[in-house]
Visitor: 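Please find one structure pasted underneath; my questions will follow.
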Protein chains: 2
Amino acid sequence: MKNKKTTISDIAKALNLSPSAVSKALNHHPRISKATKEAVQRMAAELQYEPNHLAAALRKGKSHLIGIIVPAIDINFFASVVKGIESIINQEGYNAIITQSDDLAEKEIRNIDALLNTQVDGIICSLANTTSEYDHLEKIMSKEVPLVLFDRTPGRADISTVVIDDYQGAVSATEHLVEEGCQTILHLAGPLETLPYRLRAEGYQDVLKKHNIPFRSELIMPSGLTQTDGINCIKKALNLNLAIDAVFAASDHAALGAMRELAERGIKVPEEVAVVGFSNEGFGPFVEPSLSTVDQHGTQMGEWAAKLLLKQCENKGKKIKYEKVVLPTDLIVRSSSRRK
Amino acid sequence: MKNKKTTISDIAKALNLSPSAVSKALNHHPRISKATKEAVQRMAAELQYEPNHLAAALRKGKSHLIGIIVPAIDINFFASVVKGIESIINQEGYNAIITQSDDLAEKEIRNIDALLNTQVDGIICSLANTTSEYDHLEKIMSKEVPLVLFDRTPGRADISTVVIDDYQGAVSATEHLVEEGCQTILHLAGPLETLPYRLRAEGYQDVLKKHNIPFRSELIMPSGLTQTDGINCIKKALNLNLAIDAVFAASDHAALGAMRELAERGIKVPEEVAVVGFSNEGFGPFVEPSLSTVDQHGTQMGEWAAKLLLKQCENKGKKIKYEKVVLPTDLIVRSSSRRK
DNA sequence: TATTTTTGTTCAATCGATTGAACAGACAGC
DNA sequence: GCTGTCTGTTCAATCGATTGAACAAAAATA
């Protein structure tokens, strides 16, 4: 009458079978008779048997656990990605172990070790922005543990990645502003040494070129893209008398700062200056006027990352094929840029 | 020259020791000589040994995995709670397996089974709001797996829980409005059959009583607390000529709806009507005027939940002591209610 | 020197499930 | 009746680490 958990051998004993027969019955092994299978099922239910995944994982070398590393789970974008990942892997019977790097390379490394030791079947990761060396990624790969990176990725060919099409996102945003009749568009850019921000700036420039709008370098202002940065850039633009009629910011926070400063000066958005941001942060619909932006499809990104990873997991042993998925962005037009 | 992972016996073989000696050396067993310990460490490093937590977990009956169930990870509050939980359990060498119930009792049950089968050492859960039966919780408890509930809890004494002090939160919000000179405060309440909303309504009423402000039942409007509900309630209040000079909403979304509708009618916030919400949603600082609200301290709640859980984990075997933690709320005064 | 204690290590069982090989019985074909 | 194929089941090893008991050698005590 022990309170211990029921094991496979308890069922075996109760039915006068061998543990292996029970295991096979439970796993629908073809060589087990229907009668035995049914008896086992019944007895399992009766004894309230619950499989011990750990034991199976140890034996099979497959834990059905996926490790996830994000900079911070309470950033909406990453939470959406996690949601997407979960929805896919759950369907296939996997569970997610989530860890946070707090944007610290050092913690990222620790987390990877922890995940590896827990014998996860694969790892999905968005790099900390302090990460500059990739030894820890090499480690994952050398152990032949499937790896997929998303959003923040180093530019290398031997890792599967999922990113958004920053260039295209910038193109649609800028096109939209031009269509709304804007000609002097200020671009609040991110640090241009970082690929995504460079791509966004390029998209912006190419649209101007396409529409024969002369390019003026003073209209691209790189910054850290915080709300304060947005405010300062607008101040600068107004002081320089740039006569802008639109702002395309590479982040919603900078866009918001811009809107605040414009309002401060009594400049009407979108009538006098139209504004478009980037990332579709949660506050977009709530600000006044609601903020037009470029959506990054976090959930979808997570789903793709999970799919790529599971594909690698299933082809365990075979040579890994690296895939790059570039997701289209979505322009969300709200009040801050709608003039018509 | 196999690419296989190094195990404890590989180290043993290389040093002409037994696997058990190696295991003990690695675990700082007192009976192992210093010399051996050092040799083992060195060889472990050289062979790039990485422990297999699964194997240890199986043997020791302790996985160092904590299961978390939240309705949805992409709701900011739950993400913060998860962050808090992680910060505590990571310190103690645990990792978190996160699952989402999507607010479906059925999925909650499935997730619990999955977590139990994965042999988690404990479970932290916020119930789905469709959950009305508690058999699945009983199951966890009958297996003597530590369990802590937070935020959404059934009212029972035999489970440890962490919740916020809804009553106190409502009291501070209402007190604040009275201090700002408001006398006719509309309360946008949640469904009053749900405990937290009832407590908030009580806090509101008690403050009025304390200040000898006559209570008028038409000033309490229960709803689903969405933004639309907020809009509708204000419409109703204005149609009834209630002459309100403040709104205390039991959710930020409803508060936002209220502000929108007031703006629509040309009523100034906070000058004519002051507004306070509840929950401190992410958009609060970004709306115009920024929204005063009651903070629920998600991270802190997660930290407490984790602490309670770990305490139970450590006292494994002993009788579980159930604890209830009620966290204080924090009034955040922003522009929507500041008149002075 | 004999005896006890301490120290360092090995032995063997164990956690719970899985899996290929082995085996016995039923049945079919010739 | 002999050989061969199927079926249904058991055997035994295995995944990798842990742990109490056992044991030999060294050190301490008498």
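Throughout, a chain's letter reflects where its sequence line sits, starting with A, and its residues are numbered from 1.
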Visitor: Give the intermediate values and the outcome of side-chain hydrogen bond (donor to acceptor under 3.5 Å, both in side chains) for residues B:Glu86 and A:Thr99.
Guide: CA-CA 8 Å; B:Glu86 278 240 297; A:Thr99 65; 5.9 Å; no

Visitor: Is A:Thr7 touching bases, backbone alone, or none of the nucleic acid, heavy atoms closer than 4.0 Å?
Guide: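 Sugar-phosphate only.
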
Visitor: Whole angstrom is fine here: how far is it from NZ in B:Lys24 over to C1' in D:dT19?
Guide: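 About 6 Å, once rounded to whole Å.
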
Visitor: For A:His53 and B:Gln119, does a side-chain donor sit closer than 3.5 Å to a side-chain acceptor?
Guide: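 On atom types as modelled, these side chains do not qualify, holding no pair under 3.5 Å.
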
Visitor: What verdict does the side-chain hydrogen bond (donor to acceptor under 3.5 Å, both in side chains) test give for B:Lys324 and B:Thr161, after you've listed the backbone C-alpha separation in whole Å, the side-chain angles of each residue and the deciding distance to 0.1 Å?
Guide: CA-CA 5 Å; B:Lys324 290 219 175 315; B:Thr161 56; 3.2 Å; yes

Visitor: Pick one: which of B:Thr131, B:Asp103, B:Thr194 meets side-chain hydrogen bond (donor to acceptor under 3.5 Å, both in side chains) with B:Arg152?
Guide: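 For B:Arg152, the side-chain hydrogen bond (donor to acceptor under 3.5 Å, both in side chains) check succeeds only for B:Asp103.
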
Visitor: With nearest nucleotide decided by heavy atoms, which residue, A:Asn52 or B:Ile32, maps closer to the 5′ end of DNA chain C?
Guide: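 In this pair, the answer is B:Ile32.
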
Visitor: So what does A:Ser33 touch, heavy atoms closer than 4.0 Å: a base, only the sugar-phosphate, or nothing?
Guide: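 Answer is sugar-phosphate: A:Ser33 comes under 4.0 Å of backbone atoms only.
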
Visitor: What nucleotide among C:dA12, D:dG8, C:dA17 has an atom nearest to a side-chain atom of A:Thr36?
Guide: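 Looking only at side-chain atoms, A:Thr36 lies closest to D:dG8.
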
Visitor: When you measure from the side-chain N and O atoms of B:Asn27 to the phosphate of D:dT18, is any distance below 4.0 Å, counting only OP1 and OP2?
Guide: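 B:Asn27 to D:dT18 OP1/OP2: side-chain N or O found under 4.0 Å.
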
Visitor: Report the distance from atom CZ of B:Arg59 to atom P of D:dC15, rounded to the nearest whole Å.
Guide: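 Answer to the nearest Å: 17 Å.
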
Visitor: What is the distance, to the nearest angstrom, from the CD atom on A:Glu50 to the C1' atom on C:dG16?
Guide: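 My rounded result for the distance is 14 Å.
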
Visitor: Are B:Lys5 and B:Asp10 within salt-bridge range, i.e. N to O under 4.0 Å?
Guide: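 Salt bridge flag = no for B:Asp10 with B:Lys5.
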
Visitor: With the side chain of B:Ala56 defined as its heavy atoms from C-beta on, choose the nearest nucleotide among C:dA17, D:dA17, C:dT9.
Guide: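 Of the options given, the side chain of B:Ala56 lies nearest D:dA17.
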
Visitor: When the distance from CG of A:Asp10 to C1' of C:dA17 is rounded to whole Å, what number comes out?
Guide: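 The answer, rounded to whole Å, is 13 Å.
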
Visitor: Send over the distance from A:Leu54 CG to D:dA17 C1', rounded to a whole Å.
Guide: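 Going from CG in A:Leu54 over to C1' in D:dA17 covers 12 Å.
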
Visitor: May I ask you to say what A:Leu26 touches in the nucleic acid, namely base, sugar-phosphate or nothing, with a heavy-atom cut-off under 4.0 Å?
Guide: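 Here A:Leu26 touches no strand at all.
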
Visitor: Hey, which of these two, A:Ser18 or A:Arg31, hits DNA chain D nearer its 5' end, going by closest nucleotide?
Guide: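 Final value for this comparison: A:Arg31.
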
Visitor: With heavy atoms under 4.0 Å as the rule, sort B:Ala21 into base, sugar-phosphate or nothing.
Guide: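 The answer is base, as B:Ala21 lies within the cut-off (heavy atoms under 4.0 Å) of a base atom.
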
Visitor: What is the distance, rounded to the nearest whole Å, between atom NZ of B:Lys13 and atom C1' of C:dT10?
Guide: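 Roughly 16 Å, once rounded to whole Å.
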
Visitor: Looking at every strand, decide which applies to B:Ser9 at a 4.0 Å heavy-atom threshold: base, sugar-phosphate, or nothing.
Guide: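 No contact at all - B:Ser9 keeps every heavy atom at 4.0 Å or more from the nucleic acid.
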
Visitor: Starting from P on D:dG16, measure out to CG on B:Leu58 and report it in whole angstrom.
Guide: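 Going from B:Leu58 (CG) to D:dG16 (P), I get 12 Å.
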
Visitor: Expressed as a whole number of angstroms, how long is the span from B:Lys60:NZ to D:dG20:P?
Guide: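 Rounded to whole Å, this separation is 12 Å.
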
Visitor: From C:dC11, C:dA17, D:dT18, pick the nucleotide closest to the side chain of B:Ser20?
Guide: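 Out of C:dC11, C:dA17, D:dT18, the nucleotide with an atom closest to B:Ser20's side chain is C:dC11.
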
Visitor: Using a 4.0 Å heavy-atom cut-off, does A:Asn16 contact any base of the nucleic acid, only the sugar-phosphate backbone, or nothing at all?
Guide: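 Answer is sugar-phosphate: A:Asn16 comes under 4.0 Å of backbone atoms only.
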
